[in-house]
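Have a look at the structure below, then the notes.
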Amino acid sequence: MTGKICGTGSCVPKAVWDNRKLAELVDTSDEWIRERTGVARRHIAAEQETTAYLASNAAQAALQNAGIEAEELELIITATISPGDIMPGTSCEVQKLIGAVNATCFDLNAACTGFLFALNTAQAYIAQGIYRTVLVIGAETLSNLTNWQDRSTCILFGDGAGAVVLRTEETGRFAQVTHSIGEKGGVLTCTSRNQKKYEGSPTAPETYMQMDGKEVFKFAVSKVPEAIEELLKREQMDTSQIDHFVLHQANERIVRSVAKRLKEDMKKFPVNMEEYGNTSSASIPILLDELNRREMLKRGEYLVLSGFGAGLSYGASLMEW
Ligand code: UT7
């Protein structure tokens, strides 16, 4: 048994900050950001646009798209590194906001690989016959973790949420490859502010996202193709049989490099970071929602999803649309 995506949804904050706005905050330019990242704009949450608010709006849109009621959900998993509250978990807040009274709810933190790992977790529950109707969300308000004085990070990130509804089908294919490299965790970090050592200095730089961009870039362009090749080899498939490669939207240059290493046409690698920046765990489900609503995905097509980020962690999943 596998979970088939039967509905997608997304929600992004109303406010849009373009690159020119960032050039007012740090020493950068629209030209540099576009050229080095592919990002032109990002959506930035207002105070009331919390992670749970964005997540529940994306969830409601996905339920509507799937044509199912919130009460039918048996499990909700939200991937996030930027929850509004440490407890209750964002998934429980979503449950309350959408009225999914029958669902078991928990969150998962795997940074930019979060949605992929949440999807894999949901699929494992489905394969075991434990749950049949599952909501998987990726939701972030990274603007709360962004140091707006650090040009090496603030130009990349944005806020938003995406969600998919999975329904059990007897047939269909799902396979996954996942890896973590804790040893290299220091290249992308954000320390919790809720520690005694920060009582006198709640705005210490290490409590915002810090990144060795070059190292993360090198990691992504080598490990993502490796994971995809490992997955396809295991599944006895070839890249030519894959219709869409839906990658985490971190940097357009990373996506181009992966396409080149796999010797595949960029046409198979949709990108939307121009509009949203890097929304961490939300980027893959937001992109899936856009593709779905534009009717660019056809039943029976093969998709490879791939996430990578802090941990370090990365992986690739194969699914049939
Ligand atoms: O979600 C998963 C995690 N994140 C990622 O996947 C991000 C991976 N890394 C990246 O996307 C890229 O490394 C960045 C976009 C963050 C940086 O691009 P880069 O091409 O690696 O730039 P760099 O750090 O090597 O810097 C090149 C130059 C430097 O100047 P010099 O030393 O050559 O004179 C930087 O000081 O660009 C300068 N620079 C900037 N200039 C204008 C760095 N940031 C900026 C900026 N605006 N925002």
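Positions are given from 1 along the sequence. Whatever order the structure lists ligands and atoms in, that order sets their numbers, starting from 1.
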In ligand 1, the atoms that come under 4.0 Å of a heavy atom of Asn251 are 10 (C), 11 (O), 15 (C)

**Study point:** Flag for Arg42-Asn19: side-chain donor and acceptor within less than 3.5 Å
**Key:** yes

Does a side-chain N-to-carboxylate-O contact under 4.0 Å join Glu215 and Lys184?
no

Backbone or side-chain N or O of Arg151 under 3.5 Å from ligand 1 N or O: yes

* **Any Ile33 heavy atom less than 4.0 Å to ligand 1** => no

Under-4.0 Å heavy-atom contact between protein and atom 1 (O) of ligand 1
yes

From the list Ile5, Thr8, Leu287, side chain to side chain contact (heavy atoms under 4.5 Å, CB included) partner of Asn292 resolves to Thr8

side-chain hydrogen bond (donor to acceptor under 3.5 Å, both in side chains) filter on Lys268, not counting sequence neighbours, yields Glu264

*Using 4.0 Å as the upper bound for N to carboxylate O, is an ion pair formed by Glu230 and Lys233?*
no

Next item on the list: Establish whether Val216 and Val39 are linked, either directly or via other cluster members, by ILVMFWY side-chain heavy-atom contacts under 4.5 Å.
Entry: yes

Near Cys112 (heavy-atom distance under 4.0 Å), the atoms of ligand 1 are 1 (O), 2 (C)

**Prompt:** With no hydrogens and no angle check, do the side chains of Glu140 and Thr279 hold a donor and an acceptor under 3.5 Å apart?
**Reply:** no

Only one of Arg41, Glu290, His43 passes side-chain hydrogen bond (donor to acceptor under 3.5 Å, both in side chains) with Tyr276, and that residue is Glu290

The option among Phe157, Phe308, Trp32 carrying the non-hydrogen atom nearest to atom 17 (C) of ligand 1 is Trp32

For Lys223, is there an ion pair with Glu226 - N to carboxylate O distance below 4.0 angstrom? yes

So the atoms of ligand 1 within less than 4.0 Å of a heavy atom of His248 turn out to be 1 (O), 2 (C)

Within 4.0 Å of some non-hydrogen atom of Ile155, the atoms of ligand 1 are 48 (N)

**Asked** Within 4.0 Å of atom 11 (O) of ligand 1 (strictly less), any protein heavy atom?
**Response** yes

re atom 18 (O) of ligand 1, the protein heavy-atom contact at minimum distance is Arg253 NH2, 3.6 Å

Is atom 30 (O) of ligand 1 close to the protein, meaning a heavy atom under 4.0 Å from it? no

If we number the atoms of ligand 1 from 1 as shown, the ones under 4.0 Å from a heavy atom of Leu188 are 3 (C)

Any heavy atom of Thr153 under 4.0 Å from ligand 1? The part involved is neither

field: Thr141-Thr51 side chain donor-acceptor pair, cut-off 3.5 Å
entry: yes

**Request:** Please work out whether the ring planes of Phe308 and Phe219 are parallel, tilted or perpendicular, with thresholds of 30° and 60°.
**Result:** perpendicular

Separation between CG (Leu156) and CD1 (Ile33), nearest 0.5 Å, reads 9.0 Å

The closest protein heavy-atom partner of atom 9 (N) of ligand 1 is Gly213 O, 3.0 Å

Just distances here: any N/O of Leu156 and N/O of ligand 1 closer than 3.5 Å? no

Please determine, by modelled atom types, if Asp159 and Ser143 share a side-chain donor-acceptor pair under 3.5 angstrom. yes

Which of Asn120, Leu231, Ile228 passes side chain to side chain contact (heavy atoms under 4.5 Å, CB included) with Val177? Answer is Leu231

Taking only non-hydrogen atoms of Asn278 and a 4.0 Å limit, the atoms of ligand 1 in range are 1 (O), 2 (C)

- Is atom 34 (O) of ligand 1 less than 4.0 angstrom from some protein heavy atom? no

among protein heavy atoms, the one nearest atom 5 (C) of ligand 1 is Val216 CG1, 3.5 Å

Under 4.0 Å from one or more heavy atoms of Thr37, ligand 1 contributes atoms 15 (C)

shortest atom 20 (O) of ligand 1-to-protein heavy-atom contact is with Arg36 NH2, 2.7 Å

the protein heavy atom lying closest to atom 23 (P) of ligand 1 turns out to be Lys214 NZ, 3.9 Å

Under 4.0 Å between heavy atoms, the region of Thr28 that gets near ligand 1 turns out to be both

So the atoms of ligand 1 within less than 4.0 Å of a heavy atom of Ile254 turn out to be 6 (O)

